[in-house]
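Before any comments, here is the structure.
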Amino acid sequence: MTAIIEVSGLTKHYGGKRGVIDVSFQVKEGETFGFLGPNGAGKTTTIRLLMGLLFASAGCARIAGLDCWRRSVEVKRLVGYLPGELALDPNLTGGQILAYFANLRGGVDQIHLERLVARLDLDTSRQFRHYSHGNKQKVGLIQAFMHRPRVLILDEPTSGLDPLNQQEFQRMVAEARAEGRTVFLSSHILTEVESMCDQVAIIREGRLVRVGGVSELKDIKRHELELTFAGAPPIDAFQGLAGLERVEALPDGHTLRLTVQGDVDAAVKAAASYRLVNLVSREPSLEDIFLRYYQGEHVAAGPETGRVVS
Ligand SMILES: Nc1ncnc2c1ncn2[C@@H]1O[C@H](COP(=O)(O)OP(=O)(O)OP(=O)(O)O)[C@@H](O)[C@H]1O
């Protein structure tokens, strides 16, 4: 498979402020590629450079061999794009906005469009100004998918979607992938990228720190388990367990908070010998994960690159 998205040495400064610095990666046609990074890392900047909406300070980006800045009109024809923030006419209804995008694209398959509307359960009769954040996001997603584009570029696509719609969105991505289309999506949720994507690039403070298969996320991944015991918490039972990074006794006198790297099997098995009254498992924020993982490391020392996709 050939690369459909090629980014090389891409750099963007906003005045004296960094946007992104020397970002390079390639996405093969048909891949689902996750662009993972905490807030302010440079995801939106990279995506806006790909869409020809920003002029790069250095480096270049190409989609299907076309320079994203100089050939941006042709690039836009190939791409279904969901921006991070949708600025659409607040007085139009969802239906009118979708009809407008369909016309811009020279008409789309109406049955496909209606199916997308039904799948995401969007009420198209309401004005955009009256939509919740989640409903606005649905309009954005439907217009991105409606013309079955060769490439989908989606900036934080699950933002504002409830869990059912997130699942529906994941099915839409899986279908796009099965049809051979390329999906490039940004996210700050590690498990989301892990479940949907083949490849991942991790961006932090404007620089890529890794590019590789999603299996590369294993050593970064963390779980936070809160175990509430009927009796005194058996803190010693967890010392030295595989993957255990931290055990903390909470002030209620019954609960332990465990931070586990990788899978939670050993911790759950150790807990199973005691009487538990509650168990909560959550994914720490990417900021927290990175803080621990990259503690003391200076990004300026250079990217810690896994396998560069070629
Ligand atoms: N128009 C702008 N003017 C000045 N600085 C900007 C502008 N847009 C982005 N930045 C800065 O560039 C850096 C990268 O921002 P960007 O929006 O690309 O990150 P992000 O990873 O998409 O974050 P988020 O998830 O919060 O949207 C940040 O430090 C941000 O403050």
Side-chain angles (χ1 to χ4, degrees), residues 5 7-25 27 32-61 63 68-69 72 75 79-88 133-134 136-137 139-141 144 151-161 166 169 173 183-197 199-212 214 216-217 220 283-294 297-300 303-305:
I5 302 178
V7 172
S8 172
L10 204 58
T11 299
K12 175 70 190 174
H13 298 296
Y14 294 104
K17 274 185 74 183
R18 69 102 187 131
V20 292
I21 303 165
D22 197 19
V23 168
S24 301
F25 61 84
V27 180
T32 301
F33 192 98
F35 199 47
L36 184 67
N39 288 338
K43 303 181 295 295
T44 299
T45 300
T46 306
I47 285 177
R48 289 174 63 80
L49 288 161
L50 282 173
M51 292 308 300
L53 301 170
L54 285 176
F55 182 65
S57 311
C60 70
I63 295 183
C68 293
W69 177 256
S72 77
V75 166
V79 175
Y81 168 51
L82 173 75
E85 274 174 37
L86 282 164
L88 295 170
H133 177 48
K136 287 179 178 165
Q137 192 74 349
V139 175
L141 282 170
V151 181
L152 283 144
I153 296 186
L154 310 172
D155 195 352
E156 302 262 1
T158 59
S159 158
L161 294 185
Q166 285 185 22
F169 167 72
V173 169
V183 183
F184 180 93
L185 61 91
S186 76
S187 173
H188 61 273
I189 304 164
L190 192 146
T191 46
E192 179 177 280
V193 166
E194 188 181 43
S195 64
M196 271 192 283
C197 300
Q199 299 285 324
V200 60
I202 299 178
I203 186 161
R204 179 175 174 251
E205 295 172 13
R207 292 179 185 268
L208 276 200
V209 287
R210 281 187 183 208
V211 187
V214 279
E216 295 245 344
L217 295 173
I220 293 181
E283 180 185 351
S285 73
L286 203 58
E287 281 87 347
D288 283 348
I289 293 176
F290 280 9
L291 203 66
R292 292 218 183 107
Y293 189 79
Y294 293 105
E297 195 183 290
H298 298 290
V299 176
E304 180 200 315
T305 308

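Whatever order the structure lists ligands and atoms in, that order sets their numbers, starting from 1.
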Nearest 0.5 angstrom please: Glu85 CD to Ser159 OG, how far? 9.0 Å
Sorted by chain and residue number, the side chain to side chain contact (heavy atoms under 4.5 Å, CB included) partners of Ala61 (sequence neighbours excluded) come out as Val7, Leu10, Leu50, Cys68
Using a strict cut-off of under 4.0 Å between a residue heavy atom and any atom of ligand 1, list the qualifying protein residues by chain and number. Tyr14, Lys17, Arg18, Gly19, Pro38, Asn39, Gly40, Ala41, Gly42, Lys43, Thr44, Thr45, Glu156
Sorted by first residue and then second, give each side chain to side chain donor-acceptor pair (under 3.5 Å) pair with at least one member in residues 45-55; sequence neighbours left out. Tyr14-Thr45
Over 60° means perpendicular and under 30° means parallel, so tell me whether Phe35 and Phe25 are parallel, tilted or perpendicular. tilted
Please report, to 0.1 Å, the donor-acceptor pairs under 3.5 Å made by any side chain of residues 185-193, with sequence neighbours excluded.
| from | atom 1 | to | atom 2 | distance (Å) |
| --- | --- | --- | --- | --- |
| Ser186 | OG | Asp155 | OD1 | 2.8 |
| Ser186 | OG | Glu156 | N | 2.9 |
| Ser187 | OG | Ile189 | N | 2.9 |
| Ser187 | OG | Ile189 | O | 3.3 |
| Ser187 | OG | Glu192 | OE2 | 2.9 |
| His188 | ND1 | Glu156 | OE1 | 2.9 |
| His188 | ND1 | Glu156 | OE2 | 3.3 |
| Thr191 | OG1 | Glu283 | OE1 | 2.4 |
| Glu192 | OE1 | Thr158 | OG1 | 2.6 |
| Glu192 | OE2 | Thr158 | OG1 | 3.3 |

Which heavy atom in Val20 sits nearest to a heavy atom in Ile203, and how many Å separate them? CG1-CD1, 3.9 Å
